Amino acid sequence: MKTMNPNVRRWIAVVALVVIALLSAFVLAGRLSDPAFHAASIAVLDEKKVTVTELTAAVAAGSVIISAVPGDATTPIANQVAEMATYLLIVVGAIMLEKFLLTMTFLVTFQYLIPIACVLTGIWLFTNRTVLVQLAVRLAVFGVIICLIVPASVQMSTLVEETFDIQQTVDAVQQSVDEIGQTDVGEETENENGGLFDWVSGIGASITSGVTDLKQKAEQMLNQFIDAVAVLIITNCVLPIAVLLFFLWVTKMIFGVQLPVSARDTVGMIHGRFRRKRAALHASAVQVKKD
């Protein structure tokens, strides 16, 4: 059986790579980066944003109500509750970033990274430079990884939130805020048989008891705030990073591809290759002169 000419096989591979690059850039990039394609994940992220907004409103209301309690007993609690809004702002930023990356990662991967990987592979077919195919594989694997990060983290966060029932925690916080807001610390009590001293003592005891009860409710509400914010930070900030590290570890274990962790490492790797090449050329020139 007659074998195919190696040059013919190269050109067939080049044509296939060109077709893959064109399909990736002009067909897949548009469809996969369309928000309608990610409607389910976007709906989940929007629901998370609504939950964070409700919790932020509860934080603001709770801080105002606790700070209105007479005396300074609940002031530190009110300040700590107010600080929860800063962490909730970070969570909102993480959710917005996930929505942005959900579509942009597919656009960057299929419109730029995959075509560039195809071009590098095509050049490698004619030059046989291993660095080109290695870079192509890294670009392709990196593109697939960044495309899977957000959808995978959304699914993982959904499972975690269902386990902790974050919405129930938000409802409990809102109920605590309403209970504290409806409490009347200065409620007067009448004593028909007692004199003026007994009447004043009754009011003082009522206020002291009311403030103590409000302080306990405020502490309970603060604990609920901390639990809710901790779950939101884990699901929206920590999990995406954990998913990224997991994918990188799996990629390294299966494909043996170690992605550069920074642009500085990449530049250093390329510079090192060129430096070794210049040293080899210099050594060859010296040897030619000696001969």
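Not measured: the values here are computed from a predicted model.
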Residues in side chain to side chain contact (heavy atoms under 4.5 Å, CB included) contact with Ile226, at least two apart in sequence or another chain: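 Here the qualifying residues are Met84, Leu222.
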
Set of side chain to side chain contact (heavy atoms under 4.5 Å, CB included) partners for Ser157, sequence neighbours left out: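 With sequence neighbours excluded, Ser157 shows a side chain to side chain contact (heavy atoms under 4.5 Å, CB included) to Lys48, Thr235, Leu239, given in chain and number order.
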
Hey, are the side chains of [X] and [Y] touching, using non-hydrogen atoms and a 4.5 Å cut-off?
X: Val141; Y: Ile145; answer: yes
X: Asp46; Y: Lys99; answer: yes
X: Arg9; Y: Ile12; answer: no
X: Val154; Y: Leu102; answer: no
X: Ile90; Y: Ile233; answer: no
X: Val144; Y: Thr109; answer: no

Which pairs pass side chain to side chain donor-acceptor pair (under 3.5 Å) with one or both residues in residues 15-36, sequence neighbours excluded?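 Every pair satisfying side chain to side chain donor-acceptor pair (under 3.5 Å) with a residue in residues 15-36: there are none.
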
Name all pairs fulfilling the ring pair (Phe, Tyr, Trp, His ring centres under 6.0 Å) condition that reach into residues 226-248, sequence neighbours left out, sorted by first residue then second.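 Every candidate ring pair (Phe, Tyr, Trp, His ring centres under 6.0 Å) pair involving residues 226-248 fails, so no pair, neighbours aside, qualifies.
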
All pairs passing ring pair (Phe, Tyr, Trp, His ring centres under 6.0 Å) where residues 76-107 contributes a residue, at least two apart: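 Those involving residues 76-107 are His38-Phe106.
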
Where [X] and [Y] come nearest, the two heavy atoms and their spacing:
X: Val14; Y: Phe126; value: CG2-CE1, 3.5 Å
X: Pro240; Y: Ile149; value: O-CG2, 4.0 Å
X: Leu113; Y: Phe142; value: CD1-CD2, 4.0 Å
X: Ala13; Y: Leu125; value: CB-CD1, 3.6 Å
X: Thr121; Y: Ala117; value: OG1-O, 2.7 Å

Point-to-point distance, once rounded to the nearest 0.5 Å, from [atom1] of [X] to [atom2] of [Y]:
X: Leu23; Y: Phe110; atom1: CG; atom2: CZ; value: 11.5 Å
X: Ser153; Y: Leu101; atom1: OG; atom2: CG; value: 9.5 Å
X: Ile146; Y: Met104; atom1: CD1; atom2: CE; value: 10.0 Å
X: Leu139; Y: Ile116; atom1: CG; atom2: CD1; value: 6.5 Å
X: Gln111; Y: Leu107; atom1: CD; atom2: CG; value: 4.5 Å
X: Leu28; Y: Ile114; atom1: CG; atom2: CD1; value: 9.5 Å

Residue pairs passing the salt bridge (Lys or Arg N to Asp or Glu O under 4.0 Å) test where at least one lies in residues 76-97, sequence neighbours excluded: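 For residues 76-97: none.
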
I'd like to know if [Y] and [X] are part of one continuous hydrophobic network [Ile/Leu/Val/Met/Phe/Trp/Tyr, side-chain heavy atoms within less than 4.5 Å].
X: Ile95; Y: Leu89; value: no
X: Leu232; Y: Leu97; value: yes
X: Val250; Y: Val243; value: yes
X: Met96; Y: Leu88; value: yes
X: Leu244; Y: Leu148; value: yes

